[in-house]
Number of protein chains: 2
Amino acid sequence: MSELESGLAASGRRLTRARRTVLRVLSDASVPLSPREITAVGRQHYGHLGLVTVYRTLELLELMHWVRRVHGADGCHGYMLCGRALSPTLVCRLCGRVAEFPGGQPLRSLIDRVQADTGFRVDDPLVQLSGLCPACQGASGADEADEAAHRENGSAESIHT
Amino acid sequence: MSELESGLAASGRRLTRARRTVLRVLSDASVPLSPREITAVGRQHYGHLGLVTVYRTLELLELMHWVRRVHGADGCHGYMLCGRALSPTLVCRLCGRVAEFPGGQPLRSLIDRVQADTGFRVDDPLVQLSGLCPACQGASGADEADEAAHRENGSAESIHT
DNA sequence: ACTGCTATTGAAAGACATTACCATTAAGGA
DNA sequence: TCCTTAATGGTAATGTCTTTCAATAGCAGT
Ligand SMILES: [Mn+2]
Ligand SMILES: [Mn+2]
Ligand SMILES: [Zn+2]
Ligand SMILES: [Zn+2]
């Protein structure tokens with residue numbers, strides 16, 4: 001029984017085809033995907049997957065810390081699989097790729113410091129560091145646009161309008 | 001000439017009544033406000049203020065680092081004035097109040113560490129630490145709901161539905 | 001494998017949030 | 001004051017997210 005199954009079962013939840021599909025789509029993705037994108041890609045595996053179910057599944061997975069939300073400049077959000085450990089999220093604003101910074105120690109220090117100095121109790125830290133990944137730092141302006149466009153097409157067939 | 005005026009003028013932008021109104025509303029607020037809320041409150045000072053202009057003003061002010069976006073559990077975003085210094089944002093999920101953690105050193109250390117270890121170049125850090133402020137930590141469940149409701153009414157007349 | 005309970009689904013409609021359009025207005029330098 | 005043009009704001013369009021509810025399908029028990 002996978003860690004996921006036991007996690008769901010422990011709270012009386014069921015491992016459905018829709019949930020499996022969402023997880024598969026996310027684990028195949030190289031960039032965060034919006035609910036709409038996840039639905040579109042997921043339907044290649046499970047044709048009846050519904051958008052509402054994707055929203056509900058993402059909410060559940062986020063609650064269980066299986067999935068992390070990525071906040072972009074535009075209104076809508078992207079979602080990605082994540083580890084359960086405390087770690088900053090690195091987002092490249094050019095290629096869109098996301099990485100988790102391994103080793104939560106520096107972040108834990110920051111939070112400890114904040115809590116000690118202010119009395120505030122932090123229970124939901126959002127630490128998303130946007131910038132340029134090593135691969136994207138060399139590119140010039142025009143190349144950057146190309147690379148961004150290229151990446152965009154690669155994974156999710158660019159469902160954004 | 002205020003720092004704001006010079007900041008705008010430096011990029012050929014104008015200090016309009018709409019922009020002044022948005023700034024005034026934000027500086028009077030004790031919690032982050034949505035664009036719709038800002039518009040409603042702003043119209044008490046300037047009756048013709050338009051929602052679209054508020055969106056554009058917020059985008060501009062965010063670009064100039066005069067305003068910071070606060071990401072809530074629900075879809076839509078709140079906006080608040082902020083300093084230009086690098087600092088984590090503390091958000092109380094009960095009373096909604098927001099504070100900036102003074103002293104950017106721990107955060108700067110975290111970012112330096114990330115950049116050194118990964119080669120990633122961070123240029124837009126989003127560090128929003130949600131939890132309970134000191135005042136809200138004592139409250140029980142029922143009290144908490146009361147306090148949240150109370151706060152909500154206090155500032156912006158609860159435009160959210 | 002069959003049955004029953006109920007968590008879950010998904011289509012459709014609705015409620016909001018955000019953006020595009022464009023004729024009109026008003027900052028602010030000359 | 002006069003001009004240039006950045007900026008506005010109403011409206012319509014688009015996109016995102018939620019609510020609803022009848023139908024479906026996990027899965028525990030037999
Ligand atoms: Mn989007
Ligand atoms: Mn957000
Ligand atoms: Zn990159
Ligand atoms: Zn509080």
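Scope of the values below: all heavy atoms of this structure, side chains included, with no hydrogens, waters or symmetry mates. Each chain gets a letter, A, B and so on, in the order the sequences are listed, and its residues count up from 1.
Candidate nucleotides D:dT11, C:dG10, C:dT6 were compared by shortest atom distance to the side chain of A:R14, and C:dT6 ranks first. Closest to the A:V52 side chain, of the nucleotides C:dT8, C:dA12, D:dG9, is C:dA12. Of the candidate nucleotides C:dT8, C:dG10, D:dT8, C:dT8 has the atom lying nearest to any side-chain atom of A:R19. Each of D:dT16, D:dG9, C:dA27 was ranked by its minimum atom distance to the side chain of A:C76; first place goes to D:dT16. Proximity note for A:L15 (side chain, C-beta onward) versus D:dC27, C:dA27, D:dA7: the nearest is D:dC27. Closest to the side chain of B:Y55, out of D:dC17, C:dT9, C:dA17, is C:dA17. In the set C:dT9, C:dT18, D:dG9, C:dT18 carries the atom at the smallest distance from any side-chain atom of B:P35.
Atom-to-atom, NE2 of A:H77 to C1' of D:dC17 comes out at 11 Å; the value is rounded to the nearest Å. If you take CZ of A:R56 and P of C:dA7, they are 14 Å apart, rounded to a whole angstrom. Atom C1' of nucleotide C:dA17 and atom CG of A:D74 are separated by 13 Å, given to the nearest angstrom. Between the CG atom of A:L60 and the P atom of C:dT9 there is a distance of 9 Å, rounded to whole Å. One atom, CZ of B:R43, and another, C1' of D:dT8, lie 12 Å apart when rounded to the nearest Å. Atom CD1 of A:I38 and atom C1' of D:dC17 are 14 Å apart (whole Å). Straight-line distance from the NE2 atom of A:H71 to the C1' atom of D:dT16: 15 Å, rounded to whole Å. Here the C1' atom of nucleotide D:dA7 and the CZ atom of B:R17 are 15 Å apart, to the nearest Å.
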Let's go through B:R108 and B:D112 carefully: what are the C-alpha distance in whole Å and the side-chain angles of both, what is the deciding distance for salt bridge (Lys or Arg N to Asp or Glu O under 4.0 Å) to 0.1 Å, and is it a yes or a no? CA-CA 6 Å; B:R108 195 171 309 271; B:D112 287 347; over 6 Å; no
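With sequence neighbours excluded, the residues satisfying side-chain contact (heavy atoms from CB on, under 4.5 Å) with A:R14 are A:T16.
No hydrogens or angles considered: a donor-acceptor pair under 3.5 Å links the side chains of B:R68 and B:T89.
Remark: the backbone N or O of A:S87 is not paired with any side-chain donor or acceptor of A:E100 at under 3.5 angstrom.
In terms of position along DNA chain C, the nucleotide closest to B:L51 lies nearer the 5' end than the nucleotide closest to the other residue of the pair B:T16 and B:L51. Of the residues near DNA chain D, B:A73 and B:R13, the one whose nearest nucleotide (by heavy atom distance) lies more toward the 5' end is B:R13.
When all heavy atoms of A:P106 and B:L110 are compared, the closest pair comes out as CB-CD1, 3.5 Å.
Considering only side-chain N and O atoms, A:Y46 lies under 4.0 angstrom from the phosphate OP1 or OP2 of C:dG10.
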